[in-house]
Each structure stands twice: as structure tokens, then as C-alpha cells.
2 protein chains.
Amino acid sequence: MARAANPHLKQQLVDAATEIFASHGLAVARVSDITDRAGASKGAFYLHFASKEAAYSEIARAFLDQLLVLLRTQSIAMCDACADGVPERVAQADHQFMEFLWQHRRPLAMVLDGAVGTPYASMQDEFIDSVLRHMRESISAHHRAYPQLANVIDAEFAATMATGTVFMYARRIIREHQPPFAAEHLVAFRALFAAGQSPEVAEMMRATDPTRSLLVDPAQPAPGATAP
Amino acid sequence: MARAANPHLKQQLVDAATEIFASHGLAVARVSDITDRAGASKGAFYLHFASKEAAYSEIARAFLDQLLVLLRTQSIAMCDACADGVPERVAQADHQFMEFLWQHRRPLAMVLDGAVGTPYASMQDEFIDSVLRHMRESISAHHRAYPQLANVIDAEFAATMATGTVFMYARRIIREHQPPFAAEHLVAFRALFAAGQSPEVAEMMRATDPTRSLLVDPAQPAPGATAP
DNA sequence: ACCTGAACACCGTTCAAGT
DNA sequence: ACCTGAACACCGTTCAAGT
């Protein structure tokens, strides 16, 4: 009881898979969930994708590729903006980035939440690592524009903090299905980086010993560690 | 061909499950992976756990409960430290927290990476939300101790940023199997919060319009959004 | 060509049987 | 009581058959 060829079926399957993967996650999503939503049989799925995981990979990769293009464009704009000393342009780039995450919130949810614990967990890593690299470049540009900052604020720490903050906002987008009205937050964030010029900050940093290592015994292996 | 009762089997299963869930994730981990590692039959697993997911839940909960105890203790200590104006004690609390995450890196990996895309994804949310609540309280204490900060640095943003940073360090612990020697980073982080006193920061914040909303059209629904 | 759905394989879960 | 492993159920994947 086959039906006539449907030239839109591939796109219908992609749309259905994006929604199902985003809301259930790769591991829990059933192929039958996807094909039911797309109005096709389970067999039809395998005419368009080699496997459930291949479908996930194809959709997530399309999103990550678009993200990488945006970040590359922004890194260039950011360098220009900083060299010109135009913080307003920097804030606009943040705005554009958050807008992108909001518009692509279903594939974003797939990448952040959908594949962890499966062979495609590396998609989340790629998202975070891409943002981290972008932040390193932006902050380097900032430090070139304002050399006095470089002595006070550690660039690697600032990039880690910025990326963690982006992750928290991305998480809010996909958890609360609400855009994060964070313009003022992003302004505060950029402002904070300029704060290293403060003599009070320099004084606090001199008051502690940065050579002390964080952990008592890094060589000690960790057991299940659920015992008290 | 049954064997004699083994009073250690439950603990062996917990240890094996912690390792397998941390390295494979709940969805991908097989019960047979766990029972093979513990040297038992598949059937024995179900004498001690109602299901694979119940085992995950039991181990993750034990870790999260310990984390909550630590955070509660620290929130109290943090308030005291801030009231006394002792930033060194605050840095020690950060140190202790990172040490805790390092010592419990296997259950941490389970909670952050193991259950996303399954009904137990909420464990990761609980970790992040607990840290976020803790950071809110710490920062409130900071603002009470240094009232001039409260006018410049948004407490909710600072808590979001702090939590994102902790997440990034936690991620580094479980990805790189390396302790994050981040003492100097944590010092820089604490110092940054005090930076709002800087007149330059106040000036930059006045120069931008915080009432502008971040996103163009928050009501617009998101499709699969993989099209260009 | 394109699609269907019955059949097969894998692994979570159950349970009759073994000590 | 405690444990085993064969059997069952569910869902990813395949493929013979339909248009």
C-alpha cells in the first residue's frame, strides 16, 4: 500500500526530527515519533537517512555551520569595533548573537540537550568550544584596544566566564521558551571588563597569592565518591 | 547455577554503574555493561534496583544531596565572611567548592552529561539551579557588605555569570580529567565584583540604553530554522 | 523510483529454576 | 534468601512486495 512520491517528504522529516530531537533528545526520540509527525512510514525514514543518529548529525551540523559563520563575521567586526573604540558596536554584536540563538532555538536545544550520553555528545562540546574561541579573540581585541586591561584581567578567565554566561542564556532560551531580555546584562558584562582599570581591583589582586594551587592532591584518583 | 549471597554486590553495582553512567551516559549504558563490570548477572541488577533509570537516579541524588549540604554551609560562611569583610575566606570557599567537584568528578559527569535526553535530564538542571541560588545568596551578601556595588552590578546578572563560570570549570574537570588549577581565576572573579566601584564602569553603563529590549520579535515562533 | 509494513536484532526487564 | 540465564517486549533497522 505504498503512496505516490512526495518531494517534500525529506523536509517534512527534517522538520519533524528537529522538533522531536529538541524536545525528547536523540536517545529517547523514537524513529516512529518522527515518522508519525511527518506522516510517513518507518521505512521511509531510511530512504532519506542512514540512521537515526545520521539524521541528528545532519540537522545539528547545519546549525553549527551557521553559528560558525556568524561567529567568524563577528570576530572580525569585534576587532574593528575595539580598534575604533566603539563599545556600542560591540553591544550590537552581542545582541545579534543572542538573536541568532533565539531564532534557532530548536536546533540549539538539540545540540545542547539532545545528544549527550550518545556518540554525538561532541556537538555540545563543539558549540561551547566555538563560543570560547570567539570570546578569546574578542577579548584579545579588547586588550589590544585597552592595553591597561591586559595587566589586570586574565584573558583566558574572561573568555571562560563569557562563554559560561552565554551558555546560561542559551539554556534559559531552550528551557523557558522565552527570549532572554538581556540587553542590560550584556551591557553590564562588557562594562565589567573595563573595570580592571580600577585601582581597588588591582589592590585586591595583589592581596592574594595567585601561585597557590587550587587543589590539595590532584594525583589522587576519584572513586564513585558517593560515600560520606 | 546461582552463587552464594554477596553482601558487597550492591556497592559493586553502584561503583560499576557510576563509572559506566559517567563514561557512556544513561541512555547508551547497557545494564549488561554494569553487571559485567560488577561480575554479576543481569538478573542480579534488578534485585537491587527497580530499573536502569532508578539506579542512575539513586546515585545522582546522593551526589546532589552532598552538593546541597556543601552549598548551604558555604552560603552561611559567605555571609559571615562578607560581613567581616574577609575576601580571603571567600576565596577559600571557592577553593573548597572546586575541590568538592574534583573529588566527585564521576557522579558530576553523570549528572552533567549522563541523563540529558532522558526523563532524568532534570538532574543537570538541579545542579545548575542549586549553584545559581547559591550565587544569588553570596552576591546578596557581597552587596550588603559593599552597598556601593549594588547600584552598579546587577545581582542577577552576576549570579548568572558566576554559575556559567562554575559550569565551565566543572565541564573542564569531567572532559579533561584534570583538576582546574583556577585559584588565580577565582581570585580574579571575586575581584571583578568589586570593580563596580570604578567610576569608569559607572560612566560606561550610563552611556548605553538599558531599556532597549534584546530581541526584535519575541513573539515570532521558531521553525526548524535550519534554512538560510 | 518511491513507499509500506512485516520481520529481524538488540537490549531492558521478568521469572522459573537452581543453591 | 540470593542469584542465574532463558524468555519476553520494545524499538532501530532491513527488505520483499506493492504502486
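Every chain is numbered from 1 and lettered A, B, ... according to where its sequence line falls, protein lines coming before strand lines. Quick caveat, the model's predicted, so the values are computed rather than measured.
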Q) Closest to the B:Val31 side chain: D:dT4, C:dT13, C:dG5? A) C:dT13
Q. Between B:Glu137 and B:Arg72, is there a salt bridge with N-O shorter than 4.0 Å?
A. no
Q | For atom CD of A:Gln12 and atom P of C:dC2, their distance in whole Å | A | 15 Å
**Q.** Whole-Å distance separating the CD atom of B:Glu53 from the C1' atom of C:dT13
**A.** 13 Å
Q. Tell me: CG of B:Asp36 to C1' of D:dT4, nearest whole Å?
A. 14 Å
Q. Taking only residues at least two apart or on different chains, which pairs with a member in residues 157-167 of chain B satisfy salt bridge (Lys or Arg N to Asp or Glu O under 4.0 Å)?
A. none
Q) Quick one: A:Ile20 CD1 to D:dG12 C1', roughly how many Å, whole number? A) 16 Å
Q. What about A:Lys42, does its side chain sit under 3.5 Å from the base of D:dT13 through a donor-acceptor pair?
A. yes
Q | Carboxylate-amine/guanidinium contact B:Asp125 A:Arg171, below 4.0 Å | A | yes
Q) In terms of the angle between their ring planes, are B:Tyr56 and B:Phe21 parallel, tilted or perpendicular, with boundaries placed at 30° and 60°? A) perpendicular
Q.
Can you see if the side chain of B:His48 gets near the phosphate of D:dC2 - specifically, an N or O under 4.0 Å from OP1 or OP2?
A. no
**Q.** Interatomic distance where CZ belongs to A:Phe49 and P belongs to D:dT14 [whole Å]
**A.** 15 Å
Q: Would you indicate which nucleotide in D:dC3, C:dT13, D:dG12 comes nearest to any side-chain atom of B:Ser51?
A: C:dT13
Q | Note: B:Asp33-B:Lys42 ion pair, threshold 4.0 Å (strictly below) | A | no
**Q.** d(NE2, B:His24; P, C:dC11) in whole Å
**A.** 13 Å
Q: To the nearest Å, give me how far apart CG (A:Leu47) and P (C:dT4) are.
A: 9 Å
**Q.** Donor-acceptor under 3.5 Å (A:Ser138 side chain, A:His134 main chain)
**A.** yes
Q | B:Lys52 side chain, from C-beta outward: closest of C:dG12, D:dT4, D:dC3 | A | C:dG12
Q) Is B:Arg61 salt-bridged to B:Glu126, going by a charged N under 4.0 Å from an acidic O? A) yes
Q | Minimum-distance nucleotide (side-chain atoms of B:Tyr46 versus D:dC3, C:dT13, C:dC3) | A | C:dT13
**Q.** Closest to side chain of B:Arg30, choosing from C:dC3, C:dG12, D:dC3
**A.** C:dG12
Q.
In this structure, how many angstroms lie between the C1' atom of C:dC10 and the CG atom of B:Asp33, rounded?
A. 13 Å
Q | Stems involving DNA chain D, each a run of at least 3 consecutive Watson-Crick or G-U pairs under 3.5 Å | A | C:4-8 with D:12-16, C:12-16 with D:4-8
